[in-house]
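So you know, we letter chains A, B, ... as the sequences are listed, proteins then strands, and number each from 1. This is a predicted model, so every value here is computed, not measured.
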Amino acid sequence: MSCNMTFSQAVNDALATAMQIDENVICYGLGIPDPKGVFGTSLGLQEKFGHDRVFDMPCSENGMTGIAIGASLNGIRPVMTHQRLDFFLLAIDQLINNAANWKYMFGGNSGNVPITIRLIIGRGWGQGPTHSQSLHSWFAHVPGLKVVSPTTARDAKGLLLSSIFDDDPVIFLEHRWLHNHTEEVPEGDFRLPLGKASLLRRGNDVSVISMSYMSVEAIHAIDYLQDKCNINCDLIDLRSINPIDWETIFDSVRKTGRLLVLDTGWETLSVAGEIVARCAIECFDSMKCPPVRMALPDCPTPTSWALTKNYYKEAVDIGQTIAKMLKIEINLEPLKQMRGTNHDVPGDWFKGPF
Amino acid sequence: MSCNMTFSQAVNDALATAMQIDENVICYGLGIPDPKGVFGTSLGLQEKFGHDRVFDMPCSENGMTGIAIGASLNGIRPVMTHQRLDFFLLAIDQLINNAANWKYMFGGNSGNVPITIRLIIGRGWGQGPTHSQSLHSWFAHVPGLKVVSPTTARDAKGLLLSSIFDDDPVIFLEHRWLHNHTEEVPEGDFRLPLGKASLLRRGNDVSVISMSYMSVEAIHAIDYLQDKCNINCDLIDLRSINPIDWETIFDSVRKTGRLLVLDTGWETLSVAGEIVARCAIECFDSMKCPPVRMALPDCPTPTSWALTKNYYKEAVDIGQTIAKMLKIEINLEPLKQMRGTNHDVPGDWFKGPF
Amino acid sequence: MLLIRFCEESIAARYHTGKKMRCPTHLCTGQEAVPAAAGQALRSDDFVVSTHRAHGHYLGKGGDLNKMIAEIYGKKSGCSGGWGGSMHLVDRSVGFIGSTAIVAGTIPVGVGLGLSIKLKNTDQISCVFLGDAATEEGVFYESVNFAVLKKLPVLFICENNLYSVYSPLKVRQPEDRSITSMVQGLGCPAINGNGNDAIESYEKILKAVTSIRNGNGPVFLEFATYRWREHCGPDFDNHIGYRTEEEFEAWKMKDPIEAFEQKILLDNIIDKRMIEELKAGTQAKIDNAFKLADLAEFPDFCDQTWFSEVNG
Amino acid sequence: MLLIRFCEESIAARYHTGKKMRCPTHLCTGQEAVPAAAGQALRSDDFVVSTHRAHGHYLGKGGDLNKMIAEIYGKKSGCSGGWGGSMHLVDRSVGFIGSTAIVAGTIPVGVGLGLSIKLKNTDQISCVFLGDAATEEGVFYESVNFAVLKKLPVLFICENNLYSVYSPLKVRQPEDRSITSMVQGLGCPAINGNGNDAIESYEKILKAVTSIRNGNGPVFLEFATYRWREHCGPDFDNHIGYRTEEEFEAWKMKDPIEAFEQKILLDNIIDKRMIEELKAGTQAKIDNAFKLADLAEFPDFCDQTWFSEVNG
Ligand SMILES: Cc1ncc(C[n+]2csc(CCOP(=O)(O)OP(=O)(O)O)c2C)c(N)n1
Ligand SMILES: Cc1ncc(C[n+]2csc(CCOP(=O)(O)OP(=O)(O)O)c2C)c(N)n1
Ligand SMILES: [Mg+2]
Ligand SMILES: [Mg+2]
């Protein structure tokens, strides 16, 4: 059985399913039980599972992260949610010094820390410098953390359930522009394995490795190139940013010899860079042209509608880059036209201001 | 005029010089005025410059970072010190959300944040998981921060003075194992430009890019290879991790065609990876063999003497890697013997426990 | 107060039309008394830092109206050149050092400004605006501790509007513990007051300012008040269920502006006609600010002098 | 107490010889009363978390002596398999959930354990040990707020030994504000006591434990005490100048063990011979632990099952 639902409904469904299956799953965060329910993702949970298991919290991100860690050491599986990743920067101490290190620093003798931390990455409508930081590369640098980043509704549900029941701390990233993505999602306890990428498109010309919302832009570009120019690309959606599914990536790069990596974060020290580096090391002999990465310029997110225009990359930029890698000329005007004038919203459903 | 001094004396000298030159320079941190003076680096400062400008602080890393930011907005140049980088993880909120973003988020209209944050990276004598984390790659990922990492006493002085008088927030990293490194250091207001690497050894066979304490291990390896096997390497000591002196690196790689990068941090998403990635992109046609990086395994630092043995990389490992890149056999036994049995101290001067 | 109220209401009226204010915007309608009073009690060279809900604090301190509206429009002529938006306001010419969007983020910054004042030995003071939820962040506690420890010239003004977004106080703080008494426990003199009474607010702030300027160290003021519109955005949101219509109506009855108007009319400080003129003049200034903002140029991402200085 | 004292002193005596304890080690000599009393007042299934100075808390709670010494030696048989060292102790079989090296780092962890107890509806309690400096961290404040808000079964025990490394209280906290009164301001019942008096400590802890177990929410206890040896390492350090010899001597006069010994001798609970036997027996156990640790195998970096699970 499956059901058509949005990404946020899928998250909601995963949370409800997890709480149903296991009474040790609890769910908290600023605004979790409020009428908006964190973009709909937590609606109805408190009514269903009670105030003990679903609750709001004080504005104390670091303390509440340590509290999740402590609870998890006694068998609870806390799911903590932050409306923006940026707010979670207050909790890096507990995340790194405790959660990431815990299993190792006691030689495995003090239990696991099965916490899941949902972080929403903002974009558009002037989110600006402190409501849109995409720091997945930080989290993926730290041993002991898993980092999950679904693109589709189905993946959101399957990966969130696996994250909750995984015994390591998991950072679960939701891009705000994906919340309205709609798809058939299996009902019930549907899980997808962590650490596996998904091949969204298949082709021999270029390996496009992507993540999160950038995979949506990539699909537009790749489908256009296939339809109009008979250019065929592999599109690998990472889904898991730590661990990364290296074999899938290497296989593709060895096949195409051309690597393009898309990232939702800043360029320098990006996950895209890590992928370029490992491919340069592992697939040295297969590379037909210099690898390319497309990420954000190394500069904080500006707020003005006019300033974000040149900050983010779109399908047409991806198309252009692929054309350049293949040393061919392509008319990308129609692809450019596909997007309306407001580059700072993903579609009409997104109305700001938050 | 110059004077023979240790790395920590050079830091102390830079602090005293800066405070002498500019009365807006202040200096604080846990233990700054105590009898040990943060490994000697702050000894005598409070006596010389008074309690208003040199002071201890509460155990409140995040608050005290925000306080530095605020003071700097009114023309003060705070130098804040942490005995371990790990303790500064409590202050990531103020560092990222405020210090790094400040200049940009007000469009340049709310002043600069000329703060300098000295972070000491621990190693050896069982420092373990939370007293040895080397997160320079995190800091270098974030636009708006400069990241400086000297290897020699002379560089420590010249770069610290430039950091203090730089108008951006600077993360100044001191590796604990360098504090006793001795060298001729110029007296007075001696500054070195930020953002410039230094070429420590010259050669055409391999480009070795290194940083901080790893440059010391690299020197041992490279000198040995030169003396015994006539293998000649460029050794580029980064000194600045953000910005990175790309031209110096690219020139070397274009010359040698072989890239080896050494890093004091974890491998995945390391600065070494970033250098491999950019070189793969920019020097694609010059590369004669797959680039190589040597960093820490992706796993928290263990404590036991026996466990750190295989965790850190030494000169002999570097020698081995270079030999492999050149596809030659080298007897490295003498290089291995150079180090005593205690791999967990840099020399007899380091007595632990901290 | 009038300027703040009319400005917020003009933003609300225009926010949906044309969709030109494309940034998260937190209005302070209903909370005008404290920002206005603080602006009066502080000197122009005193420092102020503020939060996501900063329009009132900015205007109260004398911040440039045209530059604020232009900033919300994302224009080059905005006080932050379009980089910041509604949540990142600055006007250093009147001591408004900055407002930011991370809860409690500017609290230590304000204390640091206080430290700089002490180091430079001037008689300025640094004023930190914060909401009730900001007192839950550890950095608030650390900042107060340091201000008390060093007797810094810092005035903390907490506008307690009962909510953090849609979350009432009782899910965040123990019900039988007031913020004021908690701060007293930290060793900081703390007083509370009616934040909808402009005169009371002014007097309490002035007294605190005087004490701080005399070198007696930090003071914390907690003012009870209420935000009329939704947490973020231009609309009303009583219907969504996190607060009751009755609560809202009761607070609306305590409109700080109407109360003040009645009072000064009664005291014959002003007459009806003067008030009407004042209102019309204020609204005209605001309308003009919107017109200017609308006409102004957008900034260009590529012409920033600082870009690529770092990570170059 | 004896076990703790002898153990610390044995570490101190052996630390330099052979250099086999290669990790930062924070001894609690002089501070034995509170850890011992807490261990007695708590049940074995109650949880404890602790700090960098954890030997006493671990042994007091009944943690395995042999495994602790082996851990300090970095051996495979150590309680953390050699991964943690002196600062990372664990013995879940007696409820000792973990000690870590970041100041205040385990405070929220202890509160989270309290939350889990409430969720699981058992009558355990969670005890958090902390130093005076830990109360300066924002996370302490956040943790206490939440414990009070949710009335969690958490006992905070603060051992105030006047110093953070070499920094006296007065450079970190306002002089006229006690930690106890500050915590009372946060809404948490708080009491202080003489941390060198084992019986008083025991009685106060027991009373708090009973109240918490009865569902009355968290309690905070502050005990005045003093560390004899250097902050980190085996030596004495009065000569370096951060504290006076007189202060040290005055506290040494208040030796908790000697006081307790006098008391129970006076009360005829025990006689001199029994004490001598007890001492000899305790020392023998400790000596044996060192012998075992010395003989034990080192762990091997490559045979860890979890390695390369993540970042694989
Ligand atoms: C660290 C952090 N956590 C959460 C948020 C989301 N957030 C924005 S405003 C706000 C409410 C703050 O409430 P309060 O301090 O009382 O100010 P008010 O909005 O009532 O004026 C929250 C939680 C944030 N911006 N920063
Ligand atoms: C966040 C953090 N800051 C600083 C340190 C360095 N440090 C280790 S122990 C210590 C002193 C702590 O003092 P207190 O809490 O009073 O405990 P005591 O050592 O007196 O038992 C400090 C500052 C640390 N480990 N963690
Ligand atoms: Mg509020
Ligand atoms: Mg202490």
Side-chain angles (χ1 to χ4, degrees), chain B residues 28-38 51 55-64 66 83-84 86-87 89-91 93 122 124-133 266-269 297-312 342-345 351-354, chain D residues 15 19-26 71-76 78 80-88 100-105 131-140 164-168 171-173 231-234 237 240-242 297-302 304 306-308 310-312:
Chain B
Y28 65 87
L30 291 175
I32 280 288
D34 81 22
K36 298 276 176 92
V38 187
H51 286 66
F55 51 92
D56 213 317
M57 67 173 214
C59 240
S60 307
E61 287 80 1
N62 200 27
M64 294 309 300
Q83 310 227 14
R84 287 290 178 272
D86 317 68
F87 309 159
L89 292 180
L90 282 79
D93 158 44
W125 202 280
Q127 297 301 304
T130 57
H131 280 60
S132 62
Q133 292 170 98
W266 292 308
E267 180 170 2
T268 296
L269 281 154
D298 290 314
C299 142
T301 319
T303 299
S304 172
W305 179 89
L307 290 169
T308 50
K309 207 173 200 161
N310 294 304
Y311 187 71
Y312 290 103
N342 277 325
H343 64 274
D344 69 341
V345 290
K351 297 195 192 314
F354 186 59
Chain D
Y15 197 84
K19 300 200 182 299
K20 291 182 171 176
M21 291 177 268
R22 297 177 88 84
C23 61
T25 304
H26 303 78
E71 187 58 37
I72 302 174
Y73 272 71
K75 297 301 176 77
K76 201 170 164 176
S80 297
W83 278 78
S86 159
M87 303 193 292
H88 299 96
T100 70
I102 296 295
V103 168
D132 45 290
T135 67
E136 293 150 22
E137 295 287 4
V139 77
F140 164 74
S164 166
V165 192
Y166 311 114
S167 307
V171 304
R172 304 177 279 119
Q173 301 183 24
H231 165 70
C232 180
D237 65 356
I240 68 174
Y242 73 102
E297 251 180 83
F298 274 118
D300 181 350
F301 185 72
C302 302
Q304 24 156 338
W306 57 75
F307 181 55
S308 85
V310 180
N311 280 342

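Looking at D/Gln173, there are no atoms closer than 4.5 Å to chain B (heavy atoms on both sides), in backbone or side chain. When heavy atoms are compared at a cutoff of 4.5 Å, B/Pro300 approaches chain D solely by way of its backbone atoms N, CA, C and O. Looking at B/Leu30, neither its backbone nor its side chain comes within 4.5 Å of chain D, counting heavy atoms on both sides. Contact annotation for D/Met87: only side-chain heavy atoms (C-beta onward) come within less than 4.5 Å of a heavy atom of chain B. Contacts of B/Glu61 with chain D are made by both backbone and side-chain atoms, with heavy-atom separations under 4.5 Å. Only the side chain of D/Tyr15 has a heavy atom closer than 4.5 Å to any heavy atom of chain B. For B/Asn62, no part lies near chain D; criterion is any non-hydrogen pair under 4.5 Å.
Counting heavy-atom pairs closer than 4.5 Å to chain B, the top-ranked of the candidates D/Lys19, D/Arg22, D/Glu136 is D/Arg22. Heavy-atom pairs under 4.5 Å with chain D peak, among B/Pro353, B/Gly124, B/Pro58, B/Cys59, at B/Cys59. Contacts with chain B were tallied for D/Ser167, D/Gly233, D/Gly241; D/Ser167 has the most, counting heavy-atom pairs under 4.5 Å. The candidate with the highest count of non-hydrogen atom pairs below 4.5 Å against chain B, out of D/Cys232, D/Gly85, D/Pro299, is D/Pro299. Across B/Trp305, B/Trp266, B/Phe354, the residue that shares the most heavy-atom pairs under 4.5 angstrom with chain D is B/Trp305. Per-residue heavy-atom pair counts under 4.5 Å with chain B were compared for D/Glu71, D/Glu137, D/Arg172, and the maximum is reached by D/Glu137.
To the nearest 0.5 Å, the span separating CD1 on D/Ile240 from CG on B/Asp34 amounts to 7.0 Å. Summarising the geometry, atom CD1 belonging to D/Ile102 is positioned 6.0 Å from atom NE2 belonging to B/His131; distances are rounded to the nearest 0.5 Å. Residue B/Leu307 holds its CG atom at 11.5 Å from OH of B/Tyr312, rounded to the nearest 0.5 Å. Within the model, atoms NE2 of D/His231 and OG of D/Ser164 stand 7.0 Å from one another, a figure rounded to the nearest 0.5 Å.
At distances below 3.5 Å, at least one donor-acceptor pair connects side-chain atoms of B/Thr303 with backbone N or O atoms of D/Gly84.
The shortest heavy-atom contact between B/Gln83 and B/Gly31 is NE2-CA, 4.3 Å.
When side chains are defined from C-beta on, D/Tyr242 does not count as touching D/Val165, because their heavy atoms never get closer than 4.5 Å. D/Val171 has its side chain out of reach of B/Phe55: every pair of non-hydrogen atoms, C-beta onward, lies at least 4.5 Å apart.
Relative to the six-membered ring of D/Phe298, D/Lys75 meets both conditions, a distance below 6.0 Å and an angle of at most 45° to the axis.
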